[in-house]
Amino acid sequence: MTGDGRPDPATEVFVAHRNLLFTVAYELLGSAADAEDVLQEAWLRWRSFDPGTVRNRRACLVRITTRQALARLCTLARRREPHHGPRLPEPALTPYGAAEDAELAASVSLAMLLVLDTLTPTERAVFVLREVFALAYDEIARAVGEDPAAVRQIAHRARAHVAARRPRDPVSPAQTRAAVAAFRHAIETGDLRKPLDILVPDVVLLNDGGGGTRAIPHRVVGAGKVMLVLAAGLRMVGARLTAQPVHVNGGPAVIIRLDGEMDGVAALRIDGGRVTGLYSVRNPGKLSRLRRETAVTR
C-alpha cells in the first residue's frame, strides 16, 4: 500500500492483469488449483520488478507466469500418481459472455485442453502464447528458453498437431441449446431417445470419477455403447437427478445434482450440430470451480 492507502504500483499492475495470467496458467496446466498456485509464485517474482522500468508489462507478466507454469508441469509429471480411468482437466464455471470470444472459448474447452495434454510442455506453451494470446515469437522465446527460429518451428508443429484434432464445423446457438435440452431431459426423466438422435455414431464418452466406483475405467466409443452406459447410470439413481444448464470452460454443459447435492458436470463437444464428445467429471477434487464463475480473458 502507498501512504494514501492505495495499492502500490506493482500490485495495481498485477491485479489489472490477473485474469489474463490465470487464463495463461490454466491453459498450460489444465488445473485451476495449480494455476492459482502459479499466480502466487508469479506475484512473488513480479514484486522484485520496478513496474516503471518495464516497457511491456503484459509481456513481462505473461513470461513470468509461463516460466512458473512450465516448472510446475515438470514437478507434476514427477509426482503424478496412477489414475483409475480417464484423467480430465479440472472444469471451471465460466460466464456465458466468455463464449462470445469464440477463439478463447475454444482454447479453454475441455476438448482442447485434452488435445493440449498431448503436446510437450514447450509445445503447449508456444501454441498457447502464440495462437491464443498473440505474443511475438521473440517474447515467446524468452518465456520458454528457446531461440525465435526454434520457436517458429515448434509453433508450426504444434499448430498442425492441434488442427488435426480440433472441431471444424461451426455450431449455432440454437443447435447448442437443443443438445443441452436433450441431455437435460434425459437426465431428469430417463428418456434417452432425444440424445440418441443428436449423437454421432462414433461419439466418445470420457468420465473422470477420481478412482473407485465413481469412475468408468476406460473411454466409451460409439452411440450405442454410450447410451448403454447412460441408461445403466440412470437406472441406479432413479428420478433423483436434476441438471442445470451452464457454461463450463466456455462451452455448453450441465451440472448434475443427486438429491440436491452436486454430483458432477457433463460438458458437451458439438461439431456441426451433433454431439461428438461427452466429458463427465465426478471427481470430488475437481468440482470446486463449479460453485462460482471464473473469469477467463486474453
Side-chain angles (χ1 to χ4, degrees), residues 7-76 89-90 92 94-95 98 101-109 112-113 115-117 119-159 162 249-250 289 294-298:
D8 60 85
T11 301
E12 285 188 328
V13 171
F14 191 87
V15 170
H17 290 84
R18 192 184 190 286
N19 289 343
L20 162 71
L21 301 178
F22 173 85
T23 308
V24 170
Y26 180 62
E27 292 210 26
L28 295 182
L29 295 163
S31 164
D34 288 322
E36 291 289 359
D37 288 343
V38 161
L39 257 61
Q40 290 296 322
E41 295 161 1
W43 161 244
L44 293 175
R45 280 152 182 78
W46 172 247
R47 290 285 294 171
S48 66
F49 286 77
D50 176 2
T53 66
V54 179
R55 185 173 59 182
N56 188 333
R57 296 171 178 177
R58 177 181 184 271
C60 181
L61 283 165
V62 169
R63 183 170 65 249
I64 294 170
T65 301
T66 299
R67 289 175 177 172
Q68 296 307 311
L70 287 173
R72 176 58 63 95
L73 277 174
C74 293
T75 300
L76 293 173
E90 180 183 0
T94 49
D101 185 340
E103 290 186 2
L104 177 62
S107 73
V108 298
S109 70
M112 178 56 76
L113 292 178
V115 172
L116 295 179
D117 276 343
L119 298 171
T120 68
T122 299
E123 287 174 338
R124 184 171 186 159
V126 170
F127 177 85
V128 167
L129 295 182
R130 181 62 183 174
E131 299 301 313
V132 182
F133 298 99
L135 259 67
Y137 285 113
D138 59 342
E139 289 289 352
I140 298 173
R142 295 177 66 189
V144 301
E146 299 279 357
D147 66 77
V151 165
R152 287 179 182 273
Q153 293 179 342
I154 294 169
H156 176 76
R157 186 169 62 244
R159 194 180 301 118
V162 171
N249 291 68
R289 283 277 172 170
T294 295
V296 291
T297 189
R298 58 175 177 166

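Each residue takes its place number in the sequence, starting with 1. Computed from a prediction, not measured in an experiment: that's the story for all the values here.
In this structure, CG on L113 lies 6.0 Å from CZ on R124, to the nearest 0.5 angstrom. T297 OG1 to H17 NE2: the interatomic distance, rounded to the nearest 0.5 Å, is 10.5 Å. Annotation: the span from R63 atom CZ to L135 atom CG amounts to 9.5 Å, rounded to 0.5 Å. Taking CZ of R130 as the reference point, atom CD1 of I140 lies at 6.0 Å (rounded to 0.5 Å). We find the CD1-CZ distance between I64 and R142 to be 10.0 Å, quoted to the nearest 0.5 Å. Here the OG1 atom belonging to T65 is positioned 5.5 Å from the CG atom belonging to L39, to the nearest 0.5 angstrom.
For the pair A42 and F14, the tightest heavy-atom approach, listed with the atom from each and the gap, is C-CE1, 4.1 Å. For the residue pair L129 and A143, the shortest heavy atom distance occurs at CD1-CB, 4.2 Å. Heavy atoms only, all atoms of each residue included: L29 and A69 are closest at CD2-O, 3.7 Å. In terms of heavy atoms, P9 sits closest to P51 at C-CG, 4.1 Å. Closest of all the heavy-atom pairs between F133 and R58 is O-NH2, 3.3 Å.
Sorted by first and then second residue, the side chain to side chain donor-acceptor pair (under 3.5 Å) pairs involving residues 36-54 (not counting sequence neighbours) are D8-R47, R18-E36, E36-R289, D37-R72, E41-R72.
Counted by atom type alone, S107 and E27 present one or more donor-acceptor pairs between their side chains at under 3.5 Å.
Between the side chain of E90 and the backbone N or O of A32 there is at least one donor-acceptor pair closer than 3.5 Å. Proximity of a side-chain donor or acceptor of R298 to a complementary backbone N or O of V132 within less than 3.5 Å is detected. The closest donor-acceptor contact from the side chain of T94 to the backbone of G250 lies under 3.5 Å.
Shown here are the side-chain contact (heavy atoms from CB on, under 4.5 Å) partners of A125, two or more places apart in sequence or in another chain: L28, T66, L70, V144. Every ring-ring contact (aromatic ring centres under 6.0 Å, His included) that Y26 has, sequence neighbours left out, goes to F22.
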Please test D138 against V151 for side-chain contact (heavy atoms from CB on, under 4.5 Å), starting from the C-alpha separation and ending with a verdict. CA-CA 8 Å; D138 59 342; V151 165; over 6 Å; no
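Contact check for L20 versus L61: no side-chain heavy atoms found under the 4.5 Å cut-off. The closest side-chain heavy-atom distance from V62 to L21 is below 4.5 Å. Side-chain contact between V162 and M112: present, with at least one pair of heavy atoms (C-beta onward) separated by less than 4.5 Å.
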